[in-house]
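Each remark here refers to the structure printed beneath this line.
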Number of protein chains: 2
Amino acid sequence: MKSYGQRCPVSRALDVVGDRWALLVLRELELGPKRYTDLLDGLPGVGTNVLSARLRDLESAGIVTKRTLPPPTPVTVYEATEAGRALRPVLQALRDWGEEYGRPIAHNDAIRASWMLTPLARRKGALPSGRVYELRVGDEVFEVRGARDGLSIAGGQADHPDAVVELGLGDLHALTSGSATPRDVRRRADIDGDDEAADQLLRALAPV
Amino acid sequence: MKSYGQRCPVSRALDVVGDRWALLVLRELELGPKRYTDLLDGLPGVGTNVLSARLRDLESAGIVTKRTLPPPTPVTVYEATEAGRALRPVLQALRDWGEEYGRPIAHNDAIRASWMLTPLARRKGALPSGRVYELRVGDEVFEVRGARDGLSIAGGQADHPDAVVELGLGDLHALTSGSATPRDVRRRADIDGDDEAADQLLRALAPV
DNA sequence: CCGCATCCCCAAAGATACTG
DNA sequence: CAGTATCTTTGGGGATGCGG
């Protein structure tokens, strides 16, 4: 994109992340590194050329790094750098504003589990510290951990989780939006491991 | 712009304010209502057609309102609505990020006094409550007020200011960036009214 | 399959001239 | 002053192709 050419920190920020899809790429990387195709799936509507261009831009701006994981599965993943993680307050401010004043929800909007889970990260005291859970929604898998300052969520499988909970996209949406209780969802969820832990996880996903 | 079509508050926010120039229009309205031509001047590089399109978009999105001031000078001004003012945290987060990670400053960047002053608004306890100042930089005029929770800045002339301080763009930049002291700037400033008040104002503009 | 690059087309932005 | 009209240029959406 062309620079605004203004000596103003707002416009200088937008010179870097003001391009279409740019901030949404960062949103996708909030829960950890992702592969190109997973980014494509998390950004429905983006063209493959646009995504690769945006990743190149963000990489040369020092906001994203491309890393190749070691064998035996040499996949390349994209990851937010320090500067990229520093955009979290921007994303959070946009999220807060969008909830209240953004475009109204349309019934054919695309939807992803990670979009519902990201705002729950760093929620205070929702889960016992040290507990590890695996949450599966559709083909998305997340590791949820209880930490002393709240809960953390990352994309990918969990190591030795206390419980594995699998539920549908609709159930997750109902749960996080408050239109269903943890108890409601529990009956339709597929639970593996400690039942008590699974209950903790479901309660942690419901609004306070 | 085309909607992202995603049920995510971040993208739903960007559906409304993600267009080029949109957030910068809100930046220009942070210090109060502005006329079309003043917006043009505060947004160097924007085309007249693009600005009018953006204002129309933002108005129909309920973020900006167009108001015609009563006679004898029937000028039309644009003003941020409640939803527009609610974008302040977004602008502030972008400002913070841009300071540290944004595009580096170029020597031919355009520059405006208001871009330097906006981040100073609502600064805590910088000026005695109730005091009123007028600050003139080039052809931009601002009203600065001491309030109990900090200082407030608005565009336009002040009513019965305790002091009127006029200084150059370079001096303001030097002052707010810390490369010049209030004492340095004072000698080159044009001061009208209470000298003590003028000193207060200059000190309030310098970094803590 | 994954990770793009290329191509074509259209919509939006840039630039400038002009008007009520 | 406050825009509209017009033209050019750029960037994004969509499809396809292609090497590893």
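Computed from heavy atoms alone, side chains included, the values below leave out hydrogens, waters and symmetry copies. Residue numbers start from 1 in every chain, and the chains themselves are labelled A, B, ... in the order their sequence lines are given, proteins ahead of strands.
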Is the shortest side-chain N/O distance from [X] to OP1 or OP2 of [N] below 4.0 Å?
{"X": "Lys2(A)", "N": "dA15(C)", "answer": "yes"}
{"X": "Tyr78(B)", "N": "dG3(D)", "answer": "yes"}
{"X": "Arg54(A)", "N": "dG12(D)", "answer": "yes"}
{"X": "Arg20(A)", "N": "dG13(D)", "answer": "yes"}
{"X": "Arg56(B)", "N": "dG3(D)", "answer": "no"}

Atom pair distance, as rounded to whole Å: [atom1] in [X] and [atom2] in [N]:
{"X": "Leu55(B)", "N": "dG3(D)", "atom1": "CG", "atom2": "C1'", "result": "10 Å"}
{"X": "Lys66(B)", "N": "dA2(D)", "atom1": "NZ", "atom2": "C1'", "result": "8 Å"}
{"X": "Leu40(A)", "N": "dC1(C)", "atom1": "CG", "atom2": "C1'", "result": "13 Å"}
{"X": "Trp21(A)", "N": "dG12(D)", "atom1": "CH2", "atom2": "P", "result": "11 Å"}
{"X": "Leu51(A)", "N": "dT6(C)", "atom1": "CG", "atom2": "C1'", "result": "16 Å"}
{"X": "Leu24(A)", "N": "dG13(D)", "atom1": "CG", "atom2": "P", "result": "11 Å"}
{"X": "Lys34(A)", "N": "dG3(C)", "atom1": "NZ", "atom2": "P", "result": "13 Å"}
{"X": "Asp41(B)", "N": "dG3(D)", "atom1": "CG", "atom2": "C1'", "result": "16 Å"}

Closest-nucleotide 5' rank along DNA chain C - winner of Thr37(A) and Tyr4(A): Thr37(A)
Of Asn49(B) and Ser52(A), the one whose closest DNA chain C nucleotide lies more 5':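 It is Ser52(A), whose closest nucleotide lies nearer the 5' terminus.
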hbond_proxy Thr48(B) side chain to dA15(C) base (donor-acceptor, 3.5 Å cutoff): no
Reference residue Glu79(B); test side-chain hydrogen bond (donor to acceptor under 3.5 Å, both in side chains); the match among Arg67(B), Arg85(B), Lys34(B):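 Only one of Arg67(B), Arg85(B), Lys34(B) forms a side-chain hydrogen bond (donor to acceptor under 3.5 Å, both in side chains) with Glu79(B), namely Arg67(B).
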Tyr101(B) side chain to Glu82(A) side chain, donor-acceptor N/O pair below 3.5 angstrom: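 There is such a pair between these side chains.
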Asp15(A) side chain vs Tyr4(A) backbone, donor-acceptor pair below 3.5 Å: yes
Ion pair check, Arg27(B) and Glu30(B), cut-off under 4.0 Å: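 The answer is no: the pair does not qualify as a salt bridge.
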Atom pair CH2/CD of Trp97(B) and Gln92(B) - distance to nearest 0.5 Å: 15.0 Å
Toward the 5' end of DNA chain D, by each residue's nearest nucleotide, Ala53(B) or Val50(A):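 Of the two residues, Ala53(B) wins.
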